[in-house]
Amino acid sequence: GWICMTEKLFDSRLATFDENYQRILEQIAWAAERSGRSLDEITLLAATKTVPVEVINYGISKGLCCLGENRVQELLDKYGVLDKTRCDLQFIGQLQTNKVKYLVDKVSCIQSVDSVKLAKEIDRLSQKNGKIMKVLVEVNIGGEENKGGVAPDALLEFVDEIRALPGLHVQGLMAIPPICSDKKDLFRYFSLMEQYYVDIKGKSMDNVDMDCLSMGMSSDFAEAIECGATMVRVGSSLFGARG
């Protein structure tokens, strides 16, 4: 499972992490500067799918303060061993309604809310647990059939509907744009996301704080930052390619 790694492999993974982490922090700083923003406006979320717990805990000891898991079972397997005292744990993958119960007392934010049914289950279980779950609304910015997310033209109505649920708090938006061979297309998707983010923020709705725009991954986080991302979700370029 996640625990056993040979000493040598382990050392090389930690060295890889050190190198990558420094480079990524520099790239984030550079992208922030280029877009006239300050570095502390941007959160690096480490996407830890398939990454062994020892490597994650090492990353936390070096300064990682925000993690995102994609799969419920994997999060549960790692949860007991993760160094949670210094780290914020979020859920970033597609989530089935029947799995919410496993997450509600373990994560600070669910980034992939894209149906009223899912939002209602988060609300119900959060209230039962005496907490308010932060959520991001996932937007299907490229209108792709095989991807989760709310259609852009239904976004405002969706936010307006789920903000009435007292067990959750709408904290922002999240997106995974289509794979673009042309950077211009990528910038267009990211810029559209920022436009929605700013528009909704401007409406000052109760129980909605647009303070997180989560977009950009290993291959495109610099572009996302230039277009206004406040959080980037970086996995493979931080921890090395998935084995």
Side-chain angles (χ1 to χ4, degrees), residues 1-71 74-75 77-93 106-109 111-112 134 136 172 174-177 179 183 186 190 211-243:
W2 309 112
I3 307 303
C4 97
M5 289 180 83
T6 67
E7 198 81 20
K8 206 168 169 185
L9 178 65
F10 189 57
D11 289 344
S12 84
R13 281 209 72 165
L14 302 189
T16 299
F17 172 84
D18 285 336
E19 213 173 282
N20 291 346
Y21 187 41
Q22 276 321 112
R23 190 185 68 244
I24 286 162
L25 291 178
E26 283 162 18
Q27 288 169 332
I28 288 172
W30 183 75
E33 196 179 319
R34 267 183 63 152
S35 53
R37 302 167 66 203
S38 78
L39 187 56
D40 57 16
E41 286 174 51
I42 297 145
T43 302
L44 169 63
L45 174 140
T48 48
K49 183 165 88 177
T50 76
V51 180
V53 172
E54 311 99 321
V55 179
I56 302 171
N57 283 344
Y58 177 78
I60 295 169
S61 78
K62 292 294 174 129
L64 284 183
C65 56
C66 188
L67 304 182
E69 278 287 343
N70 275 72
R71 300 187 183 115
E74 189 175 332
L75 184 146
D77 289 345
K78 293 174 178 176
Y79 188 77
V81 202
L82 268 179
D83 178 4
K84 296 177 289 287
T85 52
R86 291 180 285 179
C87 202
D88 176 33
L89 182 60
Q90 306 198 9
F91 190 78
I92 60 176
K106 293 185 178 66
V107 300
S108 68
C109 178
Q111 292 206 17
S112 41
K134 291 190 288 201
L136 303 186
M174 180 262 232
I176 307 169
I179 292 166
K183 283 276 198 288
L186 191 61
F190 284 147
D211 54 23
C212 183
L213 178 55
S214 171
M215 62 184 189
M217 301 196 284
S218 284
S219 60
D220 57 17
F221 65 83
E223 290 84 356
I225 290 167
E226 287 183 52
C227 296
T230 70
M231 174 182 277
V232 292
R233 309 181 304 275
V234 182
S236 53
S237 64
L238 184 56
F239 296 107
R242 300 200 173 107

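- Taking E33 as the reference, nothing meets the salt bridge (charged side-chain N to carboxylate O under 4.0 Å, His left out) condition, with sequence neighbours excluded.
- Residues forming a side chain to side chain donor-acceptor pair (under 3.5 Å) with K106 (at least two apart in sequence, or on another chain): none.
- Not counting sequence neighbours, T16 has no partner by the side chain to side chain donor-acceptor pair (under 3.5 Å) test.
- Donor-acceptor pairing under 3.5 Å is lacking for the side chains of T230 and E41.
- With sequence neighbours excluded, no residue satisfies side chain to side chain donor-acceptor pair (under 3.5 Å) with N57.
- With a 4.5 Å cut-off on side-chain heavy atoms, P52 and K78 do not count as touching.
- Without hydrogens or angle criteria, E74 side chain to T50 main chain gives a donor-acceptor distance under 3.5 Å.
- Pairs passing the salt bridge (Lys or Arg N to Asp or Glu O under 4.0 Å) check and including a residue from residues 56-65, sequence neighbours excluded, read D18-K62.
- In this view, C87 and I60, L67 satisfy the side chain to side chain contact (heavy atoms under 4.5 Å, CB included) rule, not counting sequence neighbours.
- Residues meeting the side chain to side chain donor-acceptor pair (under 3.5 Å) test with S112, sequence neighbours left out: none.
- Applying the salt bridge (Lys or Arg N to Asp or Glu O under 4.0 Å) definition to pairs two or more places apart or across chains, those involving residues 211-235 are R34-E226, K183-E223.
- In this view, S218 and V234, S236, S237 satisfy the side chain to side chain contact (heavy atoms under 4.5 Å, CB included) rule, not counting sequence neighbours.
- Here salt bridge (Lys or Arg N to Asp or Glu O under 4.0 Å) pairs that include residues 84-93, with residues two or more places apart or in two chains, are D83-R86.
- Scored by the side chain to side chain contact (heavy atoms under 4.5 Å, CB included) test, E19 finds no partners at all (sequence neighbours excluded).
- The ring-ring contact (aromatic ring centres under 6.0 Å, His included) pairs that include a residue from residues 18-38 are F17-Y21, where partners are two or more places apart or lie in different chains.
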